[in-house]
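Shown next, in C-alpha cells, is the structure this report addresses.
Scope of the values below: all heavy atoms of this structure, side chains included, with no hydrogens, waters or symmetry mates. Because the structure is predicted, anything quoted here is derived from the model rather than measured.
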Amino acid sequence: MTAKTFPIVEWSPKGTRHQEDYLAEEVAVALMYNGISHVVMMCTPHNLEAFAIGFSLSEGIIERPEQIYGITLSPHPLGVEVHIELASRCFMALKQRRRSLAGRTGCGLCGTEQLAMLAHPRQPLPFTQRFSLSHLSSAFEQLKHLQPIGQQTACTHIAAWVGCHGNVCAGYEDIGRHVALDKLLGARANADWGEEGCVLISSRASYEMVQKAISCGVEILCAASAATQRAVDIAQEYGLTLVGFSRGTRAVIYTHAQRVIS
C-alpha cells in the first residue's frame, strides 16, 4: 500500500471537523538506461519493474523484454532511481534519438525535441481478436478490488487486462494514467494471460495512450471516458479498435468495430 494518512479539516454546510484522510504517495522516479538518466516521472512507487519494462516497450526503446538484462531499484533522497541494463544495440539506438524527457502525470510528450519525434515507427496491427462489450460491466466491478489506493484516496487511475470471457487478469494503478498503462503493458509482456482480450483504462483515450497500446501489440483499447481526435486518427491508421465511454451500459466504438460484439 502506498497511501499515507494526513490530518485535514473537513468542511460541510453543517460545519467543520478535524479528522485524518488518506493521500496517495507521489514519488519522482528516474528511469536510467545503462547509467544515463532518460526520463523522470511522478509515480505511485510500486510495480516499478513492470513500469520500466512497459515504458521501454511502449516508447520503442526495446522490442521485447529480453533486451533488458536487469532492473535495479535504488532509493534516492529525492525519489527512486530505476537502473535498467539495456542491450547494446537498443542503447545505441536510444542515444541516437537524442530524447531527454521530464515527465509529469498529465503530460506524455514533455521534453520531445521535435515534432517529427512524436511518430514512433510501428507496424499496423493484425486482426486476430474478438471481444464482447457485454463483459465491460462485470470488468468494472472487478476493478474495485484491484484499486486499493484509489478506493482510499480517489486519485489514482487503473489499467487492466480483461480476458475474452470478461475476467480481469490483472490491474495496475498509479496517479498517472500513462504510468498505470505502462505498468500493465510491462506485466503483460511477461505474463500468461492468454492472447485474446482487451486493455481497459479508467481515463480518457489520448494520443499517447493509443500510441502505447499499438506499440505493444494491443488490438482493443477500451477507455472509461472519451477519445481525442488525434487518438482516433492514430487508431484508425494502425488498426486499433478504440472504444470510449466503456462503462458497461453504453459504449462508443470509434474505430474498427469488427473486433467487438454486443
Side-chain angles (χ1 to χ4, degrees), residues 2 25-123 156-157 159 172-190 199 201 203 206-218 230 234:
T2 52
E25 192 174 359
E26 185 175 22
V27 172
V29 175
L31 298 185
M32 306 185 68
Y33 292 94
N34 293 15
I36 298 177
S37 181
H38 177 67
V39 60
V40 178
M41 304 289 285
M42 300 306 297
C43 306
T44 304
H46 65 165
N47 301 123
L48 295 182
E49 295 89 347
F51 171 47
I53 296 171
F55 180 89
S56 301
L57 287 166
S58 68
E59 290 294 316
I61 296 171
I62 61 173
E63 298 174 353
R64 55 189 185 276
E66 293 78 13
Q67 292 171 319
I68 290 179
Y69 296 153
I71 299 174
T72 303
L73 306 184
S74 179
H76 188 277
L78 298 178
V80 180
E81 291 180 347
V82 181
H83 294 269
I84 303 163
E85 185 181 354
L86 201 62
S88 298
R89 182 176 65 84
C90 297
F91 183 58
M92 291 299 296
L94 177 62
K95 290 198 296 185
Q96 290 174 5
R97 286 170 58 177
R98 294 183 298 108
R99 185 180 187 190
S100 179
L101 303 179
R104 298 191 299 270
T105 59
C107 178
L109 302 176
C110 302
T112 301
E113 296 173 356
Q114 301 174 11
L115 288 176
M117 296 174 72
L118 298 183
H120 300 321
R122 63 179 69 84
Q123 295 295 321
T156 63
H157 289 289
Y172 290 81
E173 62 176 327
D174 200 277
I175 55 172
R177 56 195 175 92
H178 309 99
V179 179
L181 180 57
D182 277 333
K183 287 179 178 180
L184 176 73
L185 295 174
R188 175 176 174 261
N190 289 317
V199 167
I201 57 175
S203 65
S206 58
Y207 160 81
E208 55 270 48
M209 300 290 275
V210 166
Q211 177 176 269
K212 286 177 179 292
I214 294 171
S215 297
C216 292
V218 173
R230 180 63 172 165
I234 294 294

Judged by atom type as modelled, is there a donor-acceptor pair below 3.5 Å linking the side chain of [X] to the main-chain atoms of [Y]?
X      : Y      : value
His46  : Glu173 : yes
Asn34  : Leu86  : yes
Arg188 : Cys216 : yes

For the residue pair [X] and [Y], establish whether any side-chain heavy-atom pair is separated by less than 4.5 Å.
X      : Y      : answer
Tyr33  : Ser56  : yes
Ile201 : His157 : no
Ile53  : Ile71  : yes
Leu185 : Val218 : yes
Lys212 : Asp182 : yes

CA sep, side-chain torsions, deciding dist, call: Met32, Ser74, side-chain contact (heavy atoms from CB on, under 4.5 Å): CA-CA 11 Å; Met32 306 185 68; Ser74 179; over 6 Å; no
For [X] versus [Y], what's the shortest heavy-atom pair and its separation?
X     : Y     : result
Ala30 : Val40 : CB-CG2, 4.0 Å
Val82 : Ala52 : CG1-CB, 4.0 Å
Leu94 : His38 : CD1-CE1, 3.6 Å

Mind running side-chain contact (heavy atoms from CB on, under 4.5 Å) on Gln211 and Arg230 for me, showing each step along the way? CA-CA 10 Å; Gln211 177 176 269; Arg230 180 63 172 165; over 6 Å; no
One pair to check against side-chain contact (heavy atoms from CB on, under 4.5 Å): Val179 and Thr44. What are the steps and the verdict? CA-CA 9 Å; Val179 179; Thr44 304; over 6 Å; no
Could you tell me the separation between the [atom1] atom of [X] and the [atom2] atom of [Y], rounded to the nearest 0.5 Å?
X      : Y      : atom1 : atom2 : value
Ile84  : Glu49  : CD1   : CD    : 10.5 Å
Met209 : Ile214 : CE    : CD1   : 12.5 Å
Leu184 : Asp174 : CG    : CG    : 12.0 Å
Glu25  : Met42  : CD    : CE    : 10.0 Å

Applying side-chain contact (heavy atoms from CB on, under 4.5 Å), run through Ile61 and Phe55 and close with a yes or a no. CA-CA 8 Å; Ile61 296 171; Phe55 180 89; 4.0 Å; yes
